[in-house]
There are 2 protein chains.
Amino acid sequence: MQVGEWMGSAVDLVPQELRVLVAVADEGGFSAAGLRLGATQSAVSHAVRGIERKLGVVLFERGRYGARPTPAGARAVTHARRVLRMLETLVVETRGTQKGEVGGPLRIAAFRSAALYLLPPVLERLAARHPGIEATVTVVREVGPGTAGEVVEGRADLGIATLGTSSPIPPELIGDVLLEEPYALVHPAGHPDPRSLPLVDWRENCSSYTRTWWAAQDWIPAATVRAEDDGAVLSMVGSGLGMAIMPTLSLTGAPAGIEITGLGPDRPTRRVGYVTTPELATTSAVRAFVRELRAHAKPQVRAV
Amino acid sequence: MQVGEWMGSAVDLVPQELRVLVAVADEGGFSAAGLRLGATQSAVSHAVRGIERKLGVVLFERGRYGARPTPAGARAVTHARRVLRMLETLVVETRGTQKGEVGGPLRIAAFRSAALYLLPPVLERLAARHPGIEATVTVVREVGPGTAGEVVEGRADLGIATLGTSSPIPPELIGDVLLEEPYALVHPAGHPDPRSLPLVDWRENCSSYTRTWWAAQDWIPAATVRAEDDGAVLSMVGSGLGMAIMPTLSLTGAPAGIEITGLGPDRPTRRVGYVTTPELATTSAVRAFVRELRAHAKPQVRAV
DNA sequence: TGCATCTATGCGAGCGGCTCATGGGTCCGC
DNA sequence: GCGGACCCATGAGCCGCTCGCATAGATGCA
């Protein structure tokens, strides 16, 4: 005989149900979520209905367009992501304790230049040392919530972020500064008076500290051109369209025909660091990655 | 048709399985765990076997005595507790978002005197303000891992701890100081020279800062009597057996016949605070409790 | 007014997880 | 030494949950 409500709480959300929530939120509809999960729309509909009945709360507004999370639904999805990640962690760490090795997925969110120039050598050494770790990098524009937002929302395990006065670490996250790098003036090579060129800027380049310094410099004009990202800025400068003030990391892949000039002793700097959730900070995969990150970031500080 | 491995990952630990792990670890055996879960020993055996097969790791050593967790098992149990708590949080917070009210279980670990004299008024006001919160208090001796250990192990959501130089907040936890209270000399009322009495002490009374101060006081003898807890010390002092040096909180319920004398301007103090996990710190129940805690702790600082 | 594209739902099938019953192993007392 | 009293392990069977299928309902668009 099997009693209706047996072991377990009255409201038990199994991992599959959590995955359904995340999939619906990500895909924006039941049908698309079903496709992503390798299931039918019917299964998703049944599942969501069951969850809503258990919780006594409507989680998604259905409509012609698909499904949007209600406020309660959005909160549920955020929690669901974290729970799913902790379940993954449980499995990986338990296995790792047995075998004495480090492994598991590691989702990194980074802004463009960090993903292109800072992470590759770090990930290379990480892979060499811990082949079990499956690292994935997502490039996120460092505006609004930025990479830290990805971590808060549970979409990433660790974020490479610019940690400035304008963007402190959110209270529910922890992190540390990896390197402090100066801004420099970039301009077409051989230009006699680069400071007179029009300024090329891009959206992410707006740390408040930098802005303060900018305001004190009377030679800096308002940006005449606003590019999509720092890479675009760099190529525009290379094409002779103007000059730009960029952090060192963005200049790593500078093409030929570009000259970099320092901004003097009182030049502005920015701090680049990492952020992660405290429950993930203790996992061996995150610790191993941060170790490699530190080992590579430290020399760069001196090289600047 | 239903494919063998359909939705969800190959290794999916459902909440019931997590509860089985926790129950077996807590109860020390499959039969007892089954009893606690309202299920049979057979079900527990099947479940544990299934989990071990999924993870590919032996989680419990079985024997005549029952079942003990292996190292991997212990880690799995710790993670399981946290995941279960986060699932609970998901449900409660999602419902709360809808209704706009705060609720859910709140497991508090506190050392004896805090549970007896600090918490009751706080819990009273908390219950008045948020009837939905179901607070439970566990008294934990503040030695070794102490109340913070309960939180780390996932057995409590929030701990009232003595935060001193000897016991810093563990890196995976967050917390804050609530009040700083002085130690005082307690002795039988009317005694002409209380400092000459034999010293009564107890195990928890061993902050390193206090010890430093003690070492500098030549009038303090080695403890001649060592009681089980501060309450016992207090009643022994009340019986005229000797004097003791105790923090203010332990003196709240001092019986008649006891006199309290200050220890001068350079008296030692101890800091009492709370600790919790960062993922719980953002939940509305914990925030509400901490708010009440602060509101009550603050005046006590001035009253000292 | 069809059509396209969503979600909702009734129905049936299969797997998973439970109980029941039983067996094996070990320690203890008589 | 031997039954009994604890453990856990395992096989058989049953029941419910969850999913797929088919279809109906809703809605915006041409």
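Bear in mind the structure is a predicted one, so any value in this text is a computation, not a measurement. Only heavy atoms go into these numbers, but all of them, side chains included; no hydrogens, no water, no symmetry mates. Chain identifiers are assigned alphabetically (A, B, ...) following the order of the sequence lines, protein sequences preceding nucleic acid strands; residue numbering begins at 1 within each chain.
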*Asks:* Just compare dC20(C), dA8(C), dT10(D) and give me whichever is closest to any side-chain atom of S45(B).
*Replies:*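 Closest nucleotide to the S45(B) side chain: dT10(D).
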*Asks:* Please determine whether a side-chain nitrogen or oxygen atom of Q16(A) lies at a distance below 4.0 Å from atom OP1 or OP2 of dC19(D).
*Replies:*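 Yes, within the criterion.
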*Asks:* Can a donor-acceptor pair be found between the side chains of R75(B) and T97(A) at a distance below 3.5 Å?
*Replies:*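 Yes, because at least one side-chain N or O of R75(B) sits under 3.5 Å from a partner of the opposite role on T97(A).
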*Asks:* Strictly below 4.0 Å: does Q41(A) bring a side-chain N or O up to OP1 or OP2 of dC19(D)?
*Replies:*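 For dC19(D), neither OP1 nor OP2 has a side-chain N or O of Q41(A) closer than 4.0 Å.
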*Asks:* For R19(A) and dT18(D), give me the distance from atom CZ to atom P, rounded to whole Å.
*Replies:*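 Atom-to-atom, R19(A) to dT18(D), this comes out as 14 Å.
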*Asks:* Among residues at least two apart in sequence or on other chains, which ones pass salt bridge (charged side-chain N to carboxylate O under 4.0 Å, His left out) with R36(A)?
*Replies:*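 Partners of R36(A) by the salt bridge (charged side-chain N to carboxylate O under 4.0 Å, His left out) criterion, ordered by chain and then number, come out as D26(A), E27(A).
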*Asks:* Base, backbone or nothing for each nucleotide of nucleotides 24-30 of chain D, written B, S, -, heavy atoms under 4.0 angstrom, 5' to 3'?
*Replies:* ---BS--
*Asks:* Atom CZ of F60(A) and atom P of dC6(C): how far apart are they, to the nearest Å?
*Replies:*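 So the two atoms are 16 Å apart, to the nearest Å.
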*Asks:* Checking all strands, does G50(B) fall into the base, sugar-phosphate, or nothing category for heavy-atom contacts under 4.0 angstrom?
*Replies:*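 Nothing, no heavy atom under 4.0 Å.
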*Asks:* Take atom CZ of R53(A) and atom C1' of dT9(C), then tell me their distance rounded to the nearest Å.
*Replies:*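 For the pair R53(A) CZ and dT9(C) C1', the rounded distance is 14 Å.
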*Asks:* Can you tell me how far C1' of dC18(C) sits from CZ of R49(B), to the nearest Å?
*Replies:*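 After rounding, the reported distance stands at 17 Å.
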*Asks:* What is the distance from CG of L59(A) to C1' of dT7(C), rounded to the nearest Å?
*Replies:*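 One finds 16 Å between C1' of dT7(C) and CG of L59(A), rounded.
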*Asks:* Is the cationic atom of R68(B) (NZ for Lys, CZ for Arg) positioned less than 6.0 Å from the six-membered ring centroid of Y65(B) and within 45 degrees of its normal?
*Replies:*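 Relative to the ring axis of Y65(B), which defines the angle, R68(B) lies inside both limits.
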*Asks:* State which of dG20(D), dT7(C), dG11(D) makes the closest approach to the side chain of S31(A).
*Replies:*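 Of the options given, the side chain of S31(A) lies nearest dT7(C).
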*Asks:* Which of the following nucleotides, dC8(D), dT10(D), dG20(D), is nearest to the side chain of A43(A)?
*Replies:*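 Side chain of A43(A) sits closest to dG20(D).
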*Asks:* Is any side-chain nitrogen or oxygen of S42(A) closer than 4.0 Å to OP1 or OP2 of dC21(D)?
*Replies:*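 Looking at the OP1 and OP2 atoms of dC21(D), neither is under 4.0 Å from any side-chain N or O of S42(A).
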*Asks:* Measure CZ/R68(B) against P/dC7(D) and give the value in whole Å, please.
*Replies:*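 Rounded to whole Å, this separation is 14 Å.
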*Asks:* Answer yes if the side chains of E61(A) and T70(A) hold a donor-acceptor pair under 3.5 Å, and no otherwise.
*Replies:*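 No, no side-chain donor-acceptor pair sits under 3.5 Å.
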*Asks:* Would you kindly give the CD1-to-P distance between I51(A) and dC17(D), to the nearest whole Å?
*Replies:*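 Distance check: I51(A) CD1 to dC17(D) P gives 15 Å.
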*Asks:* Which atom pairs, donor and acceptor, lie under 3.5 Å between side-chain atoms of residues 282-289 of chain B and protein residues at least two apart or in another chain?
*Replies:*
from, atom 1, to, atom 2, distance (Å)
T282(B), OG1, E279(B), O, 3.3
T283(B), OG1, L280(B), O, 2.7
S284(B), OG, E93(B), OE2, 3.0

*Asks:* Ignoring hydrogens and geometry beyond distance, is the side chain of H46(B) in donor-acceptor contact with the base of dG11(D) at under 3.5 Å?
*Replies:*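 Yes.
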*Asks:* Taking the minimum atom-to-atom distance to the side chain of F30(A), which one of dT7(C), dT10(D), dC20(C) wins?
*Replies:*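 When the side chain of F30(A) is considered, dT7(C) is the closest of dT7(C), dT10(D), dC20(C).
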*Asks:* Between C1' on dT9(C) and CD on E52(A), what's the gap in Å once rounded to a whole number?
*Replies:*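 From E52(A) CD to dT9(C) C1': 15 Å.
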*Asks:* If you check the A39(B) side chain, which of dA9(D), dT19(C), dG17(C) turns out closest?
*Replies:*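 Side chain of A39(B) sits closest to dT19(C).
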*Asks:* Within less than 4.0 Å of OP1 or OP2 of dC7(D), is there a side-chain N or O belonging to R62(B)?
*Replies:*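 Checking dC7(D) against R62(B), no side-chain N or O comes under 4.0 Å of OP1 or OP2.
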*Asks:* Just checking, is any N or O donor in the side chain of T89(B) or R85(B) under 3.5 Å from an acceptor N or O on the other one?
*Replies:*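 The criterion, which ignores hydrogens and geometry beyond distance, is satisfied for R85(B) and T89(B).
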*Asks:* So, are D12(B) and R19(A) salt-bridged, with charged N and O less than 4.0 Å apart?
*Replies:*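 Yes, D12(B) and R19(A) are salt-bridged.
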*Asks:* side-chain contact (heavy atoms from CB on, under 4.5 Å) with I169(A): which of V151(A), V275(A), I174(A)?
*Replies:*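 Answer to the side-chain contact (heavy atoms from CB on, under 4.5 Å) test with I169(A) among V151(A), V275(A), I174(A): V275(A).
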